[in-house]
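For the numbers below, each heavy atom of this structure counts, side chains included, while hydrogens, waters and symmetry mates do not. We count residues from 1, following the sequence as given. Fair warning: this is a prediction, and the values are worked out from it, not measured in the lab. Both ligands and their constituent atoms are indexed starting at 1 by order of listing.
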Amino acid sequence: MEPDDARSHFFRLGLAGYPLEHSFSPAIHLCALEAANLKGEYRLYPVPPFPSGVSSLAELLDRVKTGELSGLNVTIPHKQAVLPLLDRLEPAAQRIGAVNLVYRQDGCLVGDNTDAAGFLVDIHRFMAAQNISRGRALVLGAGGAARAIAVALVDDGWQVTIAARRVNQALELAQCLRPDYLETIPLNAGSVIDLKDVRLIVNATPVGMAPHEEGIPWPSEAPLPASAAVYDLVYNPAETRLVQAARRAGLPAVGGLGMLVEQAALSFERWTGRQAPRPAVRRAVGLA
Ligand code: NAP
């Protein structure tokens with residue numbers, strides 16, 4: 001959409017996923033709309049997992065296709081399930097095999113993925129602030145977010161090891177992404193204890209997320225590698241137990257709020273054609 005058209009448009013935006021009660025996305029997008037002086041709404045659309053949710057997701061997508069909705073974000077558990085319901089995928093979504101953003105173009109439903117790009121912007125900010133250089137990265141988890149993170153890190157020049165509690169899931173991820181660049185190991189103390197050259201640990205599991213803040217994805221028997229920085233995709237609470245443990249050990253550590261803002265900003269720009277007001281949104285969620 002052209003910037004001039006955006007001013008007179010009412011943007012009907014929303015998020016499809018399940019459960020959604022704790023989502024920060026409405027606050028982020030309403031703040032962005034207001035700061036950009038645009039009119040609109042951002043609604044939560046709870047869509048239960050497939051098979052029972054398939055008709056509600058298809059109906060929402062139909063509303064995007066007819067132009068009634070201006071755009072949708074898609075989250076757990078539909079980021080992969082939504083793929084066959086779309087007409088076209090952007091290259092990022094195609095490579096990652098997951099979609100978090102849907103919009104209409106030339107009458108077609110298009111899926112994109114802004115998680116990888118959002119993560120890269122934020123990890124670069126973290127690396128610059130903490131003087132972290134590239135090397136081996138250990139990604140914990142092998143679900144939808146881990147796919148985006150693995151693609152982002154490989155493209156950014158990291159050697160990537162995926163550690164998952166089901167090593168088959170990690171192997172599957174590695175095989176459909178870049179088998180020649182991705183190593184996989186089981187997520188347990190015996191396997192992670194040897195990774196002395198790890199520069200970055202990324203938690204891409206939901207462990208530690210509210211309302212189960214007591215969880216920590218790192219095996220309790222193993223010390224965190226002394227050379228590592230920690231990036232936790234979990235953003236609620238802002239300081240997870242993993243981030244606390246890393247900081248106690250003197251390691252640089254940050255939560256996933258910066259990535260959340262950035263992936264939302266990229267969605268906002270796609271839907272509205274306007275630059276996202278990042279400083280206002282970052283302030284609104286408590287980031288500098
Ligand atoms: P997902 O597709 O459900 O994948 C979760 C992964 O974590 C799977 O590999 C799962 O293994 C593993 N896992 C779950 N519980 C575990 C446990 N107790 N111990 C070890 N591994 C466990 O979820 P996702 O979409 O990847 O999201 C993961 C997290 O990232 C969520 O907390 C989400 O909120 C966060 N996220 C943040 C952002 C951001 O912008 N900051 C963006 C995307 C996602 P199993 O398959 O064996 O359960």
Side-chain angles (χ1 to χ4, degrees), residues 15-25 27-29 49-50 73-83 92-93 96-101 113-123 125-126 138-152 162-174 177 184-189 191-192 201-220 222 230-243 254-268 281-282 285-287:
L15 172 65
Y18 199 85
L20 294 177
E21 299 92 60
H22 302 291
S23 174
F24 285 18
S25 294
I28 289 177
H29 283 283
F50 283 17
N73 281 132
V74 178
T75 189
I76 299 175
H78 301 305
K79 283 184 178 180
Q80 286 161 273
V82 74
L83 297 183
I96 294 163
V99 156
N100 74 329
L101 159 67
N113 190 307
T114 61
D115 280 338
F119 170 74
L120 272 186
V121 168
D122 205 48
I123 197 79
R125 186 184 289 126
F126 179 50
L138 179 64
V139 178
L140 311 181
R147 298 177 77 88
I149 302 307
V151 165
I162 315 251
R165 63 175 168 184
R166 289 185 294 124
V167 80
N168 273 353
Q169 189 190 31
L171 269 171
E172 206 179 294
L173 187 160
L177 296 177
T184 56
I185 57 171
L187 175 52
N188 60 46
S191 62
V192 297
I201 296 167
V202 182
N203 176 35
T205 78
V207 181
M209 185 166 78
H212 304 293
E213 291 97 332
E214 68 292 347
I216 182 160
W218 191 258
S220 56
V230 169
Y231 191 104
D232 197 336
L233 256 63
V234 174
Y235 51 82
N236 181 17
E239 193 179 59
T240 59
R241 276 203 53 212
L242 176 64
V243 168
V254 71
L257 209 45
M259 170 180 166
L260 184 75
V261 168
E262 191 55 39
Q263 62 76 29
L266 294 168
S267 299
F268 179 92
V281 176
R282 286 178 64 84
V285 299
L287 288 170

Quick one: does [X] get an N or O within less than 3.5 Å of an N or O on ligand 1?
{"X": "R165", "answer": "yes"}
{"X": "Q169", "answer": "yes"}
{"X": "L233", "answer": "yes"}
{"X": "L257", "answer": "no"}

Find all atoms of ligand 1 within a distance of less than 4.0 Å from any non-hydrogen atom belonging to [X], and give their numbers and elements.
{"X": "A142", "result": "9 (O)"}
{"X": "G256", "result": "39 (C), 41 (N)"}
{"X": "M209", "result": "32 (O), 34 (O)"}
{"X": "Y235", "result": "41 (N)"}

With respect to [atom], which of [options] exhibits the smallest heavy-atom separation?
{"atom": "atom 12 (C) of ligand 1", "options": "V234, L260, T205, I149", "value": "T205"}
{"atom": "atom 44 (C) of ligand 1", "options": "G17, A145, G144", "value": "A145"}
{"atom": "atom 14 (C) of ligand 1", "options": "P206, G208, G141", "value": "P206"}

Validation row: [X], [Y] side chains within 4.5 angstrom (heavy atoms):
{"X": "V285", "Y": "Y235", "answer": "no"}
{"X": "F119", "Y": "V202", "answer": "yes"}
{"X": "V281", "Y": "F268", "answer": "no"}
{"X": "V207", "Y": "R165", "answer": "no"}

With backbone taken as N, CA, C and O and side chain as the heavy atoms from C-beta onward, which portion of [X] lies under 4.0 Å from ligand 1: side chain, backbone, both, or neither?
{"X": "M259", "result": "both"}
{"X": "I76", "result": "side chain"}
{"X": "V207", "result": "side chain"}

Which residue and heavy atom of the protein sit nearest atom 47 (O) of ligand 1, plus the separation: R166 NE, 2.8 Å
Protein heavy atom at shortest distance from atom 4 (O) of ligand 1: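 Heavy-atom neighbour on the protein nearest atom 4 (O) of ligand 1: G143 CA, 3.3 Å.
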Any donor-acceptor pair under 3.5 Å from [X] side chain to [Y] backbone:
{"X": "R282", "Y": "L287", "answer": "no"}
{"X": "N203", "Y": "L233", "answer": "no"}
{"X": "N113", "Y": "A92", "answer": "no"}

Interatomic spacing from CG in L171 to CD1 in I185 - rounded to 0.5 Å: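 It comes to 11.5 Å.
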Distance (rounded to the nearest 0.5 Å) between L266 CG and L101 CG: 9.0 Å
Close approach of A204 to ligand 1, heavy atoms, under 4.0 angstrom: yes
Contact check, K79 vs ligand 1, heavy-atom distance below 4.0 Å: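 Distance cut 4.0 Å: K79 passes for ligand 1.
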Between H78 and Y18, ring centroids under 6.0 Å: no
Greater than 12 external heavy atoms within 6.0 Å of E172's CD: no
